[in-house]
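Written below as structure tokens is the structure these notes are about.
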Amino acid sequence: MNGRITMQIITTVAELRRRLGGRTASVGFVPTMGALHAGHISLVERCRRECDTAVVSVFVNPTQFNDPEDLVNYPRTPQADCALLEKAGVDFVFMPRESEIYPRQDLRRFEFGDLERVMEGEHRPGHFNGVAQVVSRLLEIVKPDRAYFGEKDYQQLAVIRQLVRQLHLPVEIVDCPIERDGDGLALSSRNMRLNAAQRESAPLIYATLREMSQRAGSVPLQELIRWAAQRIDTDPQLKTEYIAIADADSLQPVSSWEEPGKKYAFAAVWAGDVRLIDNIEL
């Protein structure tokens, strides 16, 4: 609606359904866990350009955290989030309690095959099942025409596309480019937990991925992966969890440059107790 009404903050499923029910105009949806930054706002702005009504959810989903400590420490800034969203022209902000999303324990188990056995799936067991639980529930509640997700969580995006196909949900999943700070660090809510030294070191992740992209095809693939991990680990503030080169569609590891198809490099790196992920097309 792009500014024609004042932003409404809604906390219950019943109220959101009442507000959205019977609309003939297109509805766009941006699901978030809050602690919003310019990356989220870029999704919101695209949503507003392409849809008549913009809905944003702010909900820290407990079922996708395989580390309880990470759930406790996840940044929560609801007042600042609402101020940003109002400025961005959002129509409805959905800020539910956990009991609204999960009125009873969600025991559903999703199968994503090889997609959930590599990279994030391998290192965060149960994570993608939790993502599928909350995303399917939110899409069922909002019933948007389009839903917007950032490419920083590239593997999550692939999982959500498969989820939508499995459940035959009538929604278009729109992927949006990674937003970065001026020094290249991918914007993430977790960045606000970095101390000064970690924040200074963190751009090395993207700098390394860029150099991988420049060397792709000219350096043996496994040698390039080893080089990238070693380069990041020379910084005492950073510790590589994994570097991977994978097929852009299947996300399965690539063993040589001769394999057909588009390839991406992926990184997961610890800065203290903050886990950062990034990716780049090679």
With sequence neighbours left out, what residues match Tyr242 under ring pair (Phe, Tyr, Trp, His ring centres under 6.0 Å)? His123
Heavy-atom nearest pair, Asp175 first then Glu151, reads OD2-OE2, 2.6 Å
Is any NZ, NE, NH1 or NH2 atom of the basic residue among Glu15 and Arg18 found under 4.0 Å from an Asp or Glu carboxylate oxygen of the other? yes
How many angstroms lie between atom OH of Tyr206 and atom CD1 of Ile178, to the nearest 0.5 angstrom? 7.5 Å
Would you call Asp91 and Arg19 a salt bridge, using N to O less than 4.0 angstrom? no
Salt bridge (Lys or Arg N to Asp or Glu O under 4.0 Å) with Asp278: of Lys152, Arg210, Arg180, only one passes, and it is Arg180
Nearest heavy atoms of Asn191 and Ala186, plus distance in Å: ND2-O, 3.0 Å
Can you get from Val30 to Leu36 by hopping between Ile, Leu, Val, Met, Phe, Trp and Tyr side chains that sit under 4.5 Å apart? yes
Can you tell me how far CD of Gln166 sits from NE2 of His168, rounded to the nearest 0.5 angstrom? 9.0 Å
side-chain contact (heavy atoms from CB on, under 4.5 Å) with Asp114: which residues, sequence neighbours excluded? Arg117, Gln252
Assess whether a salt bridge exists between Glu140 and Arg17, defined as any Lys/Arg side-chain N lying under 4.0 Å from an Asp/Glu carboxylate O. yes
How about Glu200: does its CD atom have over 12 heavy atoms from other parts shown lying under 6.0 Å from it? no
Is Leu187 linked to Leu238 within one hydrophobic cluster, defined over Ile, Leu, Val, Met, Phe, Trp and Tyr using a side-chain heavy-atom separation of less than 4.5 Å? no
Cluster companions of Met192 among Ile, Leu, Val, Met, Phe, Trp, Tyr (side-chain spacing under 4.5 Å): none
Spacing of CD belonging to Glu241 relative to CZ belonging to Arg124, to within rounding of 0.5 Å: 9.0 Å
Testing the basics here: between Gly121 and Gln155, what is the closest heavy-atom pair and its distance to 0.1 Å? N-NE2, 3.9 Å
Verify side-chain contact (heavy atoms from CB on, under 4.5 Å) between Asn129 and Glu116, making sure each step is shown before the conclusion. CA-CA 9 Å; Asn129 198 76; Glu116 60 183 340; 5.6 Å; no
Could you tell me whether the side chain of Ser189 and the main chain of Gly34 form a donor-acceptor pair under 3.5 Å? yes
Let me check something: any side-chain donor-acceptor pairs from residues 260-269 under 3.5 Å, sequence neighbours excluded? List them with distances.
| residue | atom | partner | partner atom | Å |
| --- | --- | --- | --- | --- |
| Lys263 | NZ | Glu259 | O | 2.5 |
| Lys263 | NZ | Gly261 | O | 3.0 |

What closest approach, in Å, do Pro68 and Asn66 show between heavy atoms, and which atom pair accounts for it? CD-O, 3.7 Å
Shortest non-hydrogen pair, Leu115 vs Val118, comes out as O-CG2, 3.9 Å
Approximate separation, where rounding is to 0.5 Å, of Asp145 CG and Lys143 NZ: 12.0 Å
With the 4.5 Å side-chain cut-off for hydrophobic clustering, are Val134 and Ile141 part of the same group? yes
Please check if Leu71 and Val131 belong to a single hydrophobic cluster, counting links between Ile, Leu, Val, Met, Phe, Trp and Tyr side chain heavy atoms closer than 4.5 Å. no
Side chain proximity check, Leu282 to Ser213, heavy atoms < 4.5 angstrom: yes
Pairwise distance CG(Asp70) to CG(Asp273) - rounded to 0.5 angstrom: 8.5 Å
First locate atom NZ of Lys87, then atom CD1 of Ile41, and finally report the distance between them rounded to the nearest 0.5 Å. 9.5 Å
For the residue pair His40 and Ala35, what are the closest heavy atoms and their distance? CE1-O, 3.9 Å
Quiz: residues 218-226 side-chain donor-acceptor pairs under 3.5 angstrom, not counting sequence neighbours:
| residue | atom | partner | partner atom | Å |
| --- | --- | --- | --- | --- |
| Ser218 | OG | Arg215 | O | 2.8 |

Walk me through it: do Tyr154 and Ile277 pass the test side-chain contact (heavy atoms from CB on, under 4.5 Å)? CA-CA 10 Å; Tyr154 191 99; Ile277 62 171; over 6 Å; no
Parallel, tilted or perpendicular: which describes the rings of Phe110 and Phe112, with under 30° parallel and over 60° perpendicular? parallel
A side-chain contact here means heavy atoms from C-beta on lying under 4.5 Å apart; do Val44 and Leu84 qualify? no
Which residues pass the ring pair (Phe, Tyr, Trp, His ring centres under 6.0 Å) test with Tyr74, sequence neighbours left out? Phe65
Is there side-chain contact between Ile9 and Met95, with heavy atoms separated by less than 4.5 Å? yes
